[in-house]
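Below is one structure; the comments refer to it alone.
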There are 2 protein chains.
Amino acid sequence: MRYSAKHKAETRQKLIEKAGALAKKDGFATTGVDGLMSTVGLTGGAFYSHFSSKNELLLEIIRQELKKSQDLLETNLSNHNIEPFLNLYLSQLHLNFPALGCALPSLTTEVGRADAEVKQAFSEGLARIHQILNTQLSNPQMAWATIAMTVGAVNLARALPAGERQQALLTACQNMILAMAKN
Amino acid sequence: MRYSAKHKAETRQKLIEKAGALAKKDGFATTGVDGLMSTVGLTGGAFYSHFSSKNELLLEIIRQELKKSQDLLETNLSNHNIEPFLNLYLSQLHLNFPALGCALPSLTTEVGRADAEVKQAFSEGLARIHQILNTQLSNPQMAWATIAMTVGAVNLARALPAGERQQALLTACQNMILAMAKN
DNA sequence: GTCTATACATTGATAGAC
DNA sequence: GTCTATCAATGTATAGAC
């Protein structure tokens, strides 16, 4: 072969990362194959030597993005104190740069419309996130509630114009999670 | 004119409702003009005698869908008891029929990518929902937290395969909201 | 492995007949 | 107000040259 297996693996990896960022920013459905390939300096046809279909790409995006979320969660979570994590997750920075942020607020809705294989990968990634959070909180139900509230809050806040209402929503969710954690 | 103003208004209304249902089910971006028009027995070109663009349609969908959510919320909420509402909102029925359900889990992510006008309409609709919930709960922060958690829970649950994990998430959110409401 | 070329469907939107 | 026809652009995917 004219290109090494290593080169192929690197290209594939680069594609998954670029596609993940584009999908988190603009949505997976509206991220076109040609546009994606051109961001790594390749042409559209080459896509299919790395993935059998767009759906396989989505599967890999979900796997790797949720892995990244797990790592970030572990990094910012310690000593049964979730406040540092909340400050980051519910920040303006996270709202304003979805391409760099957690996949859950950006891609969950589209996963809900995807096939069973994608949902299964999503389920496994989410389970691990729940597991990590659970080690730091009082009980499993608290962990699920925290995930749902933070993901919902970021999603809703992004759909609001920057301003008082947006901030009130974020602050309220932060306060209520911290209040829950104290019981 | 060959068609009455009443006829035109009815057609427009029918389009907004159909498009809302399709967008909640499949996403707004992937809902095509031709496909939409054919569901009401018209052809694609006629769309633009009712809306100046797809964006104007999205604006109307958000306005009317959030109004519907407000009405449903008022109907199922009474006497400072949110349990009946939670039973409905976090039900398998709501998960499985997004076209008939609340617009928030389905359309919020896309509103986050829409223009300022759409976000403004979303903000006003969400404010009213918060207001309604706030009259039945102990404080405004509780109302925001409840909205974020329920919307997040439905969104996440739809992205999971039906099963234990999905049910654990729903049950946990329901329990935690009820526990919050008691304080 | 990546290229170009292509097939074919579908997108949002416009023009002009009726 | 709705039709048909059409536009340019873009969508996913495949075939064959290099």
Side-chain angles (χ1 to χ4, degrees), chain A residues 1-62 107 109-111 113-115 117-118, chain B residues 1-23 25-62 107 110-111 113-115 117-118:
Chain A
M1 46 185 137
R2 304 197 308 163
Y3 294 81
S4 67
K6 182 184 167 198
H7 175 261
K8 172 162 186 178
E10 284 172 354
T11 301
R12 180 184 161 99
Q13 181 55 29
K14 215 179 298 177
L15 283 173
I16 296 169
E17 277 166 24
K18 278 282 187 184
L22 285 172
K24 283 188 288 182
K25 184 165 140 297
D26 302 323
F28 178 74
T30 59
T31 295
V33 169
D34 275 29
L36 165 64
M37 298 306 285
S38 68
T39 68
V40 298
L42 297 180
T43 54
F47 176 83
Y48 296 93
S49 62
H50 295 279
F51 305 96
S52 67
S53 69
K54 246 192 111 182
N55 193 66
E56 190 196 328
L57 173 61
L58 177 57
L59 191 62
E60 283 307 314
I61 290 175
I62 293 302
L107 298 182
T109 308
E110 281 180 298
V111 173
R113 296 170 186 138
D115 67 18
E117 199 178 6
V118 174
Chain B
M1 45 184 137
R2 304 198 305 163
Y3 294 81
S4 67
K6 183 185 167 198
H7 176 259
K8 172 163 185 176
E10 284 172 354
T11 301
R12 180 183 160 97
Q13 182 56 27
K14 215 179 298 179
L15 283 174
I16 296 168
E17 278 166 24
K18 278 281 187 185
L22 285 173
K25 183 165 141 298
D26 302 323
F28 178 74
T30 59
T31 295
V33 170
D34 276 30
L36 166 64
M37 297 306 284
S38 68
T39 67
V40 298
L42 297 179
T43 54
F47 176 83
Y48 295 94
S49 62
H50 295 280
F51 306 96
S52 65
S53 69
K54 245 191 112 181
N55 193 65
E56 191 196 326
L57 173 62
L58 176 57
L59 191 62
E60 283 306 316
I61 289 174
I62 293 300
L107 299 181
E110 280 181 299
V111 172
R113 297 171 186 137
D115 67 18
E117 198 178 7
V118 173

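Below, chains carry the letters A, B, ... as their sequence lines are ordered, and counting in each starts from 1.
The CZ atom of B/Phe51 sits 14 Å away from the P atom of C/dG12 (whole-angstrom rounding). If you measure from atom NZ of A/Lys54 to atom P of D/dA13, you get 8 Å, rounded to the nearest angstrom. With rounding to whole Å, A/Glu56 atom CD is found 11 Å from D/dA13 atom P. Atom CD in A/Glu10 sits about 13 Å away from atom P in C/dG1, given to the nearest Å. Distance CG (B/Leu36) to P (C/dA13): 13 Å, rounded to an integer number of Å. Rounded to whole angstrom, the span from the CG atom of B/Asp34 across to the P atom of C/dA9 amounts to 14 Å. The nearest whole Å value for the distance from the CG atom in A/Asn55 to the C1' atom in D/dA13 is 14 Å. Rounded to an integer number of Å, the gap from B/Lys14 NZ to D/dG1 C1' is 13 Å.
Counting only heavy atoms from C-beta on, B/Thr43 has its side chain closest to D/dT4 among D/dA13, C/dC3, D/dT4. Out of C/dA13, D/dT4, D/dT12, the shortest distance to the side chain of A/Val33 is found at D/dT12. Candidate nucleotides D/dT12, C/dG1, C/dT14 were compared by shortest atom distance to the side chain of A/His7, and C/dG1 ranks first. Looking at the side chain of A/Ser49, the nearest of the listed nucleotides C/dT2, C/dG12, D/dT12 is C/dT2.
Across A/Ala23 and A/Leu107, no two heavy atoms sit closer than the pair O-CD2, 3.6 Å. For A/Ile16 against A/Glu60, the heavy-atom pair with the smallest separation is CD1-CB, 3.8 Å.
Not one side-chain nitrogen or oxygen of A/Tyr48 sits closer than 4.0 Å to the OP1 or OP2 atom of D/dT14. Residue B/Thr30 has no polar side-chain atom (N or O) positioned under 4.0 Å from OP1 or OP2 of D/dG11.
Judged by closest nucleotide on DNA chain D, B/Lys8 is the one of B/Gly45 and B/Lys8 placed further toward the 5' end.
Nucleic acid contact for A/Thr31: sugar-phosphate only, since backbone atoms but no base atoms lie under 4.0 Å from a heavy atom of the residue.
Rounded to the nearest 0.5 Å, atoms CG (B/Leu57) and NZ (B/Lys18) are 14.0 Å apart.
Counting only heavy atoms from C-beta outward, the side chains of A/Leu36 and A/Val33 never approach each other to under 4.5 Å. Side chains of A/Leu59 and A/Phe51 form no contact here, defined as non-hydrogen atoms less than 4.5 Å apart.
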